[in-house]
Amino acid sequence: MINTNLKFWRRELGLTQAQIAEKLGIKRSLVGAYEEGRAEPKLVTLVNMARLFGISLDALVTTDFSKKKNAKAALLQLQTQNTPPTEPTPTRPGGNLRVLALTVDKEQNENIELVPQKAAAGYLNGYADPEYLEELPKFRLPMLGSTGTYRAFEIAGDSMLPIASGTVIVGRYVDDWMSIKDGTPCIVVSSKEGIVFKRVFNRLKDAAMLALHSDNPVYSPYEIDVEDVVEIWEAKAYISSTFPIADLSLNRLASIVLDLQQQVSTMKKV
């Protein structure tokens with residue numbers, strides 16, 4: 001809907017992609033990607049589009065003006081109403097309208113962007129910015145199929161043993177948080193906790209909370225307010241150069257890690 005409306009109103013205004021990109025403050029290549037449906041605009045861009053076309057944000061995302069015979073008259077009527085564009089309304093529990101930014105390859109297949117540990121802090125500011133995502137490493141895993149949008153995160157720490165620190169978790173984007181089943185392993189991106197890999201227990205309906213549990217019993221579970229959550233990615237695969245140790249319980253594995261940490265600490269003192 002957004003792509004057809006962008007193309008329609010751009011042509012109605014007699015603007016080139018370069019001209020409309022300048023007015024929106026974005027790259028011309030992004031305008032082409034939006035019109036072809038290869039990427040989705042972030043919120044600030046949607047609001048600027050609505051203001052540029054003189055229509056409400058709601059109309060921009062829900063009305064296909066290309067199918068209206070009286071589209072020009074509708075635009076004139078909207079412009080003379082002197083009504084400011086509608087602000088985004090919440091469409092997910094505890095959050096705002098979320099338009100997922102993504103990148104595609106030359107064949108227009110969605111990439112899997114990799115968020116390394118060193119880029120984790122920057123991701124909280126750039127997760128919705130296509131230009132930021134363009135700078136991240138990218139790859140594809142054909143076995144994941146063509147349904148869903150995937151992103152990869154390099155995790156830190158030993159809270160999810162036997163999955164070791166430095167493992168890359170590939171997650172599928174979750175747009176309906178209410179559908180998350182208890183115990184689902186997920187990458188949770190939040191404003192307070194940053195990027196964490198935990199098992200999620202759904203408390204949205206009763207308490208507007210998510211309970212996050214570690215597989216390593218050394219770490220206690222905790223709750224996070226849904227208002228602080230930015231994104232959730234359900235873990236679907238992982239990539240690691242460390243193979244799990246066979247025939248060890250999580251308690252035993254956690255004990256081994258603790259012993260190793262103590263040995264390293266003793267060596268440093270010596």
Side-chain angles (χ1 to χ4, degrees), residues 90-96 98 100 102 110 112-117 120 123-124 127 141-258 261:
T91 56
R92 61 176 170 85
N96 296 322
R98 178 74 172 86
L100 183 66
L102 49 87
E110 287 188 21
I112 299 176
E113 298 87 10
L114 170 63
V115 183
Q117 289 182 17
Y123 185 79
L124 290 175
Y127 66 88
L141 291 176
M143 71 284 294
L144 293 177
S146 58
T147 59
T149 295
Y150 295 86
R151 194 153 293 163
F153 301 83
E154 184 182 10
I155 63 171
D158 58 358
S159 67
M160 291 296 283
L161 290 175
I163 297 179
S165 181
T167 297
V168 172
I169 304 296
V170 181
R172 184 171 66 185
Y173 182 68
V174 180
D175 54 4
D176 180 9
W177 298 353
M178 296 296 292
S179 67
I180 298 175
K181 296 180 180 179
D182 286 349
T184 301
C186 296
I187 291 289
V188 179
V189 183
S190 70
S191 57
K192 291 186 177 180
E193 297 293 328
I195 299 174
V196 297
F197 178 44
K198 302 290 182 182
R199 291 193 183 274
V200 174
F201 288 79
N202 198 329
R203 302 291 180 265
L204 296 179
K205 185 176 180 180
D206 299 328
M209 294 277 188
L210 294 176
L212 305 184
H213 291 237
S214 300
D215 282 348
N216 186 343
V218 172
Y219 294 85
S220 301
Y222 60 93
E223 293 184 333
I224 183 171
D225 194 314
V226 70
E227 292 290 344
D228 297 326
V229 178
V230 175
E231 293 177 340
I232 301 178
W233 302 81
E234 182 182 352
K236 290 297 183 182
Y238 71 89
I239 305 170
S240 177
S241 59
T242 303
F243 290 87
I245 302 174
D247 299 326
L248 284 179
S249 67
L250 287 176
N251 286 334
R252 176 56 180 155
L253 196 56
S255 176
I256 291 175
V257 171
L258 184 59
Q261 290 175 340

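What you are looking at is a predicted structure, and each value in this text was computed from that prediction instead of being measured.
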Quick test of your reading of the model: are Asp225 and Arg203 salt-bridged, counting only N-O distances below 4.0 Å?
no

Grab the two heavy atoms, one from Ser190 and one from Leu124, that are nearest each other, plus how far apart they are.
O-CD2, 3.5 Å

How long is the gap from CG on Leu204 to OG on Ser179, to the nearest 0.5 Å?
9.5 Å

Under 3.5 Å, which donor-acceptor pairs link side chains of residues 156-171 to any protein atom two or more places apart or in another chain?
unit_1 : atom_1 : unit_2 : atom_2 : d
Asp158 : OD1    : Tyr219 : OH     : 2.4
Ser159 : OG     : Lys198 : NZ     : 3.2
Ser165 : OG     : Gly157 : N      : 3.0
Thr167 : OG1    : Ala164 : O      : 2.7
Thr167 : OG1    : Ser240 : OG     : 3.4

Can you give me the closest heavy-atom contact between Gln117 and Ile155, atom names plus distance?
NE2-O, 2.7 Å

Contact check, side chains of Leu212 and Val200, non-hydrogen atoms, under 4.5 Å
yes

Taking Trp177's backbone N and O only, do any of them form a donor-acceptor pair with Asn202's side chain (distance below 3.5 Å, no angle check)?
yes

Would you indicate whether the side-chain heavy atoms of Ile187 and Val115 approach each other to under 4.5 Å?
no

After noting the C-alpha distance and the side-chain angles of Val196 and Tyr222, does the key distance pass the side chain to side chain contact (heavy atoms under 4.5 Å, CB included) rule?
CA-CA 12 Å; Val196 297; Tyr222 60 93; 4.0 Å; yes

Measuring only between side-chain heavy atoms, which start at C-beta, is Val230 closer than 4.5 Å to Tyr127?
yes

Tightest non-hydrogen contact, residues Tyr173 and Trp233, listed as N-CE3, 3.2 Å

Under 6.0 Å from the CZ atom of Phe201, do we count more than 12 heavy atoms belonging to anything else shown?
yes

Between Arg199 and Pro185, the two heavy atoms sitting closest are NH1-CD, 3.6 Å

Consider only side-chain N and O atoms of Arg151 and Tyr123, and report whether a donor and an acceptor are under 3.5 Å apart.
yes

May I ask you to decide if Val188's main-chain N or O and Glu231's side chain share a donor-acceptor pair within less than 3.5 Å?
no

For Glu234, give me all partners under side-chain contact (heavy atoms from CB on, under 4.5 Å), at least two apart in sequence or on another chain.
Arg172, Val174, Thr184, Cys186, Lys236

Inter-residue atom distance Ile239.CD1 - Leu141.CG, 0.5 Å rounding
5.0 Å

Evaluate the side chain to side chain contact (heavy atoms under 4.5 Å, CB included) criterion for residues Asp175 and Thr149: first the C-alpha distance (whole Å), next the side-chain angles of each, then the deciding distance (0.1 Å), finally the verdict.
CA-CA 10 Å; Asp175 54 4; Thr149 295; over 6 Å; no

Do you know the tightest heavy-atom contact between Leu144 and Ala237?
CD2-CB, 4.5 Å

